[in-house]
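Only one structure is covered here, and it is reproduced in the block below.
It should be emphasised that the depicted structure is a prediction, and the values quoted were computed from it without experimental measurement. Chain identifiers are assigned alphabetically (A, B, ...) following the order of the sequence lines, protein sequences preceding nucleic acid strands; residue numbering begins at 1 within each chain.
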There are 2 protein chains.
Amino acid sequence: MTPTAKSSDSLPVAHDRVYRSLRQRVMYGDLPPGHALTLRGIGKDYEVSMTPAREAVRRLVAEGALTLSASGRISTPELSSERIEELAALRALIEVELASRALPRAHMALIERLQTINSAVSEAVAHRDAVGYIRTNLEFHRTLYLRAQAPAMLAMAETVWLQMGPTMRALYGKLRRTEPPHYHRLIIAALRAGDEPGLRLAVRTDVTQGLRLLAT
Amino acid sequence: MTPTAKSSDSLPVAHDRVYRSLRQRVMYGDLPPGHALTLRGIGKDYEVSMTPAREAVRRLVAEGALTLSASGRISTPELSSERIEELAALRALIEVELASRALPRAHMALIERLQTINSAVSEAVAHRDAVGYIRTNLEFHRTLYLRAQAPAMLAMAETVWLQMGPTMRALYGKLRRTEPPHYHRLIIAALRAGDEPGLRLAVRTDVTQGLRLLAT
DNA sequence: ATGGGGCGTTTGTGATCACGAAAGCAGGTC
DNA sequence: GACCTGCTTTCGTGATCACAAACGCCCCAT
């Protein structure tokens, strides 16, 4: 039930449970940009006091998943176009490297898993399910990058995803595409062929494509 | 007096003061790897209760500056050689991009500032001052990267520095070099010449050089 | 000497409260 | 009608406390 693999699953610590749930909601676009949150409200939702809510929020703010106003109010970030461009460039840098490192270890079982996930992506697209699309799309990338055996890099990539979550939801909400992900097929083909330059290009294109529509 | 530029300097909030101070101590190698900390101890040092100490620690843990044991004990990270390699690769990826983006905006005033900072680096090296070396070295890089006008990327780079802080201290402590930083001069020369490939190579070499001595 | 058991101490966690500031809202004025 | 001026509510911050788990230390038995 918890698709996000953490380094060490352990105690049912309250603040960690709140953190994981909020993190998923933000990363997968459950919350629109600028959405306000309160410590007391979060505590109520998860039936905990303000203390664990505060720790979870503090952690998410440190990761860029949430932002604090000057007076300490909590909300999801509203990204400027400059920041979106930066985050897309970071995705390109880090994820191309992750894909490149995963390539030598990408066996047939992985490629088949990626195809299965990709059909789930197509299904989400067909159903106009923005959250489902974001979730399955990120699962596609994460599944590939896990093979890179580079946890620090993967964590960085996930941090970028986290920051873009609400914005991606708003973005894919307004551009109602119905065509399945094209570049995912290119990624799979490059993996099959062991074509590293092709893989790098396919990943770079895939992670930066959606941004071209966001000129403003 | 606070060299680290934050997004918004505002209130004298207790937890933020604790955070900033601890962050500097970690980033600049004031604490050795594996050094243990306690919430009550931190609170005592800064004359606050456990609450702000806890928030500062939570934030630093989220950034990778500190790690928590399975039972929640706080300590500075002890990095495996694989993780060090990863972090060095991340530095290379991100900082090369930052330098490249800073290049078109690097005027003479910036280059002179870099030279001034670089002489401070040399002085720290001559005095065997590990903390001073790390601090001035990072100031050199940060000064250059600030010109890139890419706050999200700079934040990522600083997060990597933060994670490497204690290890860098331990590293530079055991290899007592006395020669001034060679690749900083190459960086400055490439900036002067507007030589982008040269700059990229110089930065990449500079940020990955210290790692070769850490084969273990 | 060395390994194991027992106990006092230290530590993180979560709940609760007081406080001050910010935000939202109403009513009144220009 | 728009704007400002109060007031009321809501919010984040920091302090304090109870609790359970862990750590560390000492002592003893082998």
Side-chain angles (χ1 to χ4, degrees), chain A residues 2 6-23 25-26 31-78 166, chain B residues 2 6-23 25-26 31-78 166:
Chain A
T2 64
K6 291 301 294 183
S7 51
S8 67
D9 297 272
S10 48
L11 304 167
V13 193
H15 73 84
D16 207 56
R17 178 171 54 91
V18 176
Y19 163 77
R20 276 203 264 261
S21 175
L22 279 180
R23 180 185 142 102
R25 294 186 61 190
V26 172
L31 303 172
H35 184 84
L37 296 171
T38 66
L39 295 181
R40 289 174 175 87
I42 295 169
K44 202 175 191 180
D45 290 347
Y46 293 93
E47 296 179 339
V48 295
S49 75
M50 293 173 56
T51 310
R54 215 196 310 194
E55 299 196 38
V57 166
R58 193 68 64 187
R59 202 168 155 190
L60 290 164
V61 168
E63 294 179 306
L66 298 174
T67 60
L68 294 183
S69 75
S71 64
R73 298 303 169 86
I74 309 156
S75 63
T76 54
E78 297 184 275
Chain B
T2 62
K6 291 301 296 183
S7 50
S8 66
D9 297 272
S10 50
L11 305 165
V13 193
H15 73 85
D16 207 56
R17 178 171 53 90
V18 176
Y19 164 77
R20 276 202 264 264
S21 175
L22 278 180
R23 181 185 141 101
R25 294 187 61 191
V26 172
L31 303 173
H35 184 83
L37 295 171
T38 66
L39 295 181
R40 288 173 176 87
I42 294 169
K44 202 176 192 179
D45 290 347
Y46 292 94
E47 296 179 340
V48 294
S49 76
M50 292 172 57
T51 310
R54 214 194 314 193
E55 299 197 38
V57 166
R58 194 67 63 188
R59 203 169 155 188
L60 290 164
V61 168
E63 294 179 306
L66 297 174
T67 59
L68 294 182
S69 75
S71 64
R73 301 303 235 266
I74 309 155
S75 63
T76 53
E78 298 184 276

B:His15 NE2 - D:dG12 P separation (whole Å): 12 Å
OP1 or OP2 of C:dA23 under 4.0 Å from side-chain N/O of A:Ser71: yes
Spacing of B:Ile42 atom CD1 relative to D:dA15 atom P, expressed in whole Å: 14 Å
Distance in angstrom units between B:Leu66 CG and C:dG12 P, rounded: 12 Å
Closest non-hydrogen atom pair between B:Pro32 and B:Pro166, with its separation: C-CB, 3.9 Å
Residue whose closest nucleotide on DNA chain D lies nearer the 5' end, B:Arg40 versus B:Glu47: B:Glu47
Donor/acceptor link under 3.5 angstrom from A:Arg58 side chain onto base of D:dG12: no
Atom-to-atom span, CD1 of A:Ile74 to P of D:dT10 - whole angstrom: 16 Å
Sugar-phosphate, base or nothing in reach of A:Leu37, heavy atoms under 4.0 Å: sugar-phosphate
Upstream residue (5' side of DNA chain D) when A:Arg54 and A:Arg73 are each assigned their closest nucleotide: A:Arg73
Atom pair CZ/NE2 of A:Arg20 and A:His15 - distance to nearest 0.5 Å: 9.5 Å
Of the listed nucleotides C:dA15, D:dC23, D:dG14, the one nearest the side chain of B:Glu55: D:dG14
Touch class at under 4.0 angstrom, heavy-atom based, for A:Leu68 against every strand present: nothing
Closest non-hydrogen atom pair between B:Arg17 and B:Tyr46, with its separation: NH2-O, 3.5 Å
For atom CE of B:Met50 and atom P of C:dT10, their distance in whole Å: 14 Å
OP1 or OP2 of C:dA15 under 4.0 Å from side-chain N/O of A:Ser49: yes
Distance-minimising heavy-atom pair for A:Pro77 and A:Leu66: CD-CA, 4.2 Å
Touch class at under 4.0 angstrom, heavy-atom based, for B:Thr38 against every strand present: sugar-phosphate
Distance in angstrom units between B:Arg17 CZ and D:dT13 C1', rounded: 13 Å
Distance (rounded to the nearest 0.5 Å) between A:Thr76 OG1 and A:Leu22 CG: 11.5 Å
